[in-house]
**Q** 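The following block contains the structure, expressed as structure tokens.
As the structure is a prediction and not an experimental result, all values here were calculated from the model. What you see below is based on every heavy atom in this structure, not just the backbone, and it leaves out hydrogens, waters and symmetry mates. First listed ligand is number 1; within each ligand, the first listed atom is number 1. Counting from 1, the numbers follow the sequence of the chain as shown.
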Amino acid sequence: MAVRLGDEAPDFTAQSTEGEINFHQWLGDGWGVLFSHPKDFTPVCTTELGYTASLKAEFDRRDVKVIALSVDSVADHHRWSADIEETQGMAPNFPMIGDADRTIAGMYDMIHPNADSTHTVRSVFVIGPDNTVKLTLTYPASTGRNFDEILRVIDSLQLTAKHKVSTPAQWKQGEDVIIAGSVSNDEAKEIFGEWESPKPYIRIVPQPEEDRSEVGATT
Ligand code: BEZ
């Protein structure tokens, strides 16, 4: 069964490189990124996990915990971590789940048999503080993910969870945003004062001020 936007992220207990983890307990009140990779000791996965480790301060700043998963064993993850540190300059600084029996891969539909019947594809799930799924991504094995894009989407998700706005194409932190379609012009006047409107259905305002202390508090 596919995990879709708005669904509760399936809970599980699993062995990881940081010991046994109960997923919902581990997430606590903050945001999470659960991402799968096809196989330990492979080149693209090695670059992905090293790069993600290098983004730790960025994930921390956003109150986001990161956790990786593949159908390899925890022992393999530990051995592979040394290679990641040697080749990418940084070992994973987040737990890596060993899902050898594919229980979690099954729950999250991370195995796409027409691509690879035994290994997980490159799935990403961003999970909000209410434990619901806010973003899903699926990449093939041959394409390494852009983890800066995942941070960018998290910025948008955290902003739009607090303010009645949406973010346009290519938006980045600090750039103008769009008043949400659900907001009437009367309400928009109260909240935003004024806006630029190249068409009646496009209402552009500066990004509302953010209070990082609230990022993990609500959705
Ligand atoms: C890679 O990460 O490079 C990879 C993963 C699975 C199959 C082939 C390559």
**Q** Could you check atom 3 (O) of ligand 1 against the protein and tell me its nearest heavy-atom contact, residue, atom and distance included?
**A** V44 N, 2.7 Å

**Q** Considering T46, D40, T143, T42, which one's heavy-atom position lies nearest to atom 1 (C) of ligand 1?
**A** T42

**Q** Side-chain polar contacts of residues 179-188 - donor-acceptor pairs under 3.5 angstrom, sequence neighbours left out - could you list them?
**A**
| from | atom 1 | to | atom 2 | distance (Å) |
| --- | --- | --- | --- | --- |
| S184 | OG | E187 | N | 3.1 |
| N185 | OD1 | R203 | NH1 | 2.9 |
| E187 | OE2 | K164 | NZ | 2.6 |

**Q** Evaluate A141 for polar contact with ligand 1, using N/O atom pairs at a separation under 3.5 Å.
**A** no

**Q** Checking T167 against S156: is there a side-chain donor and acceptor pair closer than 3.5 Å?
**A** yes

**Q** Any ring pair (Phe, Tyr, Trp, His ring centres under 6.0 Å) pairs touching residues 108-141, not counting sequence neighbours?
**A** Y108-F125

**Q** Side chain or backbone, does K39 bring an N or O within less than 3.5 Å of an N or O on ligand 1?
**A** no

**Q** Any N or O on P38 sitting closer than 3.5 Å to an N or O of ligand 1?
**A** no

**Q** Please check if a non-hydrogen protein atom sits closer than 4.0 Å to atom 8 (C) of ligand 1.
**A** no

**Q** With K65 as the cation and W26 as the aromatic partner, state whether NZ or CZ is under 6.0 Å from the six-membered ring centre and within 45° of the axis.
**A** yes

**Q** Please identify which atoms of ligand 1 are closer than 4.0 Å to at least one heavy atom of C45.
**A** 1 (C), 2 (O)

**Q** Could you tell me whether the side chains of Q170 and E175 share a donor-acceptor contact shorter than 3.5 Å?
**A** no

**Q** On a heavy-atom basis, which atom in S81 and which in M96 lie closest, and how many Å separate them?
**A** OG-SD, 3.9 Å

